[in-house]
2 protein chains.
Amino acid sequence: MDQKVDTRTRILDIAEAAVLEKGFEATSIDEIVAGAEISRGGFFYHFKDKNALARAMLERYIEVENALYDDLFARARELNDDPLHCMLIGLKLLAEMLEEMPTGHPGCVIASTAYQDRLFDEGVRELNRQAILGWRKRFRGMFEEIAKVYEPREPVNMDALGDMVSGVVEGGLVLQRALREHNSASEQIMLFRTFLKLLFAPK
Amino acid sequence: MDQKVDTRTRILDIAEAAVLEKGFEATSIDEIVAGAEISRGGFFYHFKDKNALARAMLERYIEVENALYDDLFARARELNDDPLHCMLIGLKLLAEMLEEMPTGHPGCVIASTAYQDRLFDEGVRELNRQAILGWRKRFRGMFEEIAKVYEPREPVNMDALGDMVSGVVEGGLVLQRALREHNSASEQIMLFRTFLKLLFAPK
DNA sequence: CGTCAACTGGACTCACAGTACAGTGGGGAA
DNA sequence: TTCCCCACTGTACTGTGAGTCCAGTTGACG
């Protein structure tokens, strides 16, 4: 079924590259079809419409992103057992990774779909929402571990702090795109890291 | 020339509301034309194409946003002369204002255009860029004033810290849109405020 | 040998952006 | 009073891209 590289995956690969480069709306089906060397009929055989494509892309993105976070913080944990230092190392690794990514980062697809809202159906929007809620849960858990060891210097809402990881990444990517600077996102993450250092500083 | 409400302004008003609600691409010219009660010819008399409309909208947005910041921090300054407290009060006011805005905040147009990139011409992109650079300058100046009085607890890049205001707002608005929660942006600003309190805390 | 999944290819419809241009109504300058 | 021009109206057209429909082809497998 997928000896060479199955067509569906090839469509997603081509679409992914195009969307990261110029956005979803600016990417035409004809273009994807040409890139994947299939017919228009072939495209619609795999995806009911552009919405179905968006959904499939988002699903893949979110999986990749989650795997990336898993890997990042697993590596950080190997380097240091302390939850705070693990977090700080993980964020450093994330910042470095973002600087090395020339084109774009999966995260930006979240913002992209969020801002083109009505172009997508409820399924896509809900997927988006669940992804962010998943990251909230993930990071809130980590922050709670940290808070057990280091009492926060100021009271903070742990859900909001969890969201701040996603928020800083998304915001950084917006800045990066608009400014045409390639390190804005990593700079913003490093500032967030400074925040955490101060927030959980031992007395 | 503009006794009732001149047509150009009326077009911009209608377009603004529609774009804030559902995004630029999802807003058709026919729809704007119907809303403003003019003919298609009338629209193209005022705007060469959709790009020109985007540009005019962005220009207006950026002006409004700048006026808003001027006003906010002027009010903050009246309440407290100290640069740090002025900043903290200003951010509080901003957070409150964001919570009261039901639909959307001008800022989101920045992210929106940043992510639909190729849909717009270089003029629009450059406008976007200059707006963010303007805010960087504005907030960097304020942070430098603060740093003169309160030495930062950790070394920070002042440009990046200036950008962080825009980044946190943009990121917060992305979260807010995606999560369908109305207070994410204000929560994120309040966390950023906590960061500043810790960063510039007297020893 | 038949059948089913995975396509190809072509001919549609529809919506929307954008062009072109002829005409019109009203207010100010000559 | 006339004329002119600004701010439109209205119609008709082109082009592009999404999406539909469907008849036909090809190759793997039972």
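Just so it is clear: chains get the letters A, B, ... in the order the sequence lines come, proteins before strands, and each one is counted from 1.
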Exercise. Hey, does the side chain of Thr7(B) come within less than 4.0 Å of dA7(D)'s phosphate (OP1/OP2), counting only N and O?
Worked result: no
Whole angstroms only, please: what is the [atom1]-[atom2] distance between [X] and [N]?
X: Asp49(A); N: dA15(C); atom1: CG; atom2: P; answer: 16 Å
X: Asp6(A); N: dC7(C); atom1: CG; atom2: C1'; answer: 13 Å
X: Asp30(A); N: dA18(D); atom1: CG; atom2: P; answer: 6 Å
X: Ile29(A); N: dT16(D); atom1: CD1; atom2: C1'; answer: 13 Å
X: Leu53(B); N: dA17(C); atom1: CG; atom2: C1'; answer: 13 Å
X: Glu25(B); N: dT16(D); atom1: CD; atom2: P; answer: 16 Å

What donor-acceptor contacts under 3.5 angstrom involve side-chain atoms of residues 40-49 of chain A, with partners at least two apart or in another chain?
{"unit_1": "Arg40(A)", "atom_1": "NH1", "unit_2": "Asp30(A)", "atom_2": "OD1", "d": "3.0"}
{"unit_1": "Asp49(A)", "atom_1": "OD1", "unit_2": "Asn51(A)", "atom_2": "N", "d": "3.1"}
{"unit_1": "Asp49(A)", "atom_1": "OD1", "unit_2": "Ala52(A)", "atom_2": "N", "d": "3.0"}

For this session: Not counting sequence neighbours, which residues clear side-chain hydrogen bond (donor to acceptor under 3.5 Å, both in side chains) with Glu25(B)? List them please.
Result: none
Seminar exercise, completed: With sequence neighbours left out, the residues meeting side-chain hydrogen bond (donor to acceptor under 3.5 Å, both in side chains) with Glu63(B) are none
For this session: Identify, residue by residue, the members of residues 31-47 of chain A with a heavy atom below 4.0 Å from DNA chain D, and return them in order of residue number, or none.
Result: Arg40(A), Phe44(A)
Exercise. Got a donor-acceptor contact below 3.5 angstrom from the Arg125(B) side chain to the Ala178(A) backbone?
Worked result: no
Run the side-chain donor-acceptor check on residues 187-196 of chain B: report pairs under 3.5 Å with partners two or more places apart or on a different chain.
{"unit_1": "Gln188(B)", "atom_1": "NE2", "unit_2": "Ala160(A)", "atom_2": "O", "d": "3.1"}
{"unit_1": "Arg193(B)", "atom_1": "NH1", "unit_2": "Leu88(B)", "atom_2": "O", "d": "2.9"}
{"unit_1": "Thr194(B)", "atom_1": "OG1", "unit_2": "Met190(B)", "atom_2": "O", "d": "3.1"}

For this session: Can you tell me which residue pairs pass the salt bridge (Lys or Arg N to Asp or Glu O under 4.0 Å) test with a partner in residues 80-96 of chain B, sequence neighbours excluded?
Result: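 Residue pairs passing salt bridge (Lys or Arg N to Asp or Glu O under 4.0 Å), neighbours aside: Lys92(B)-Glu96(B).
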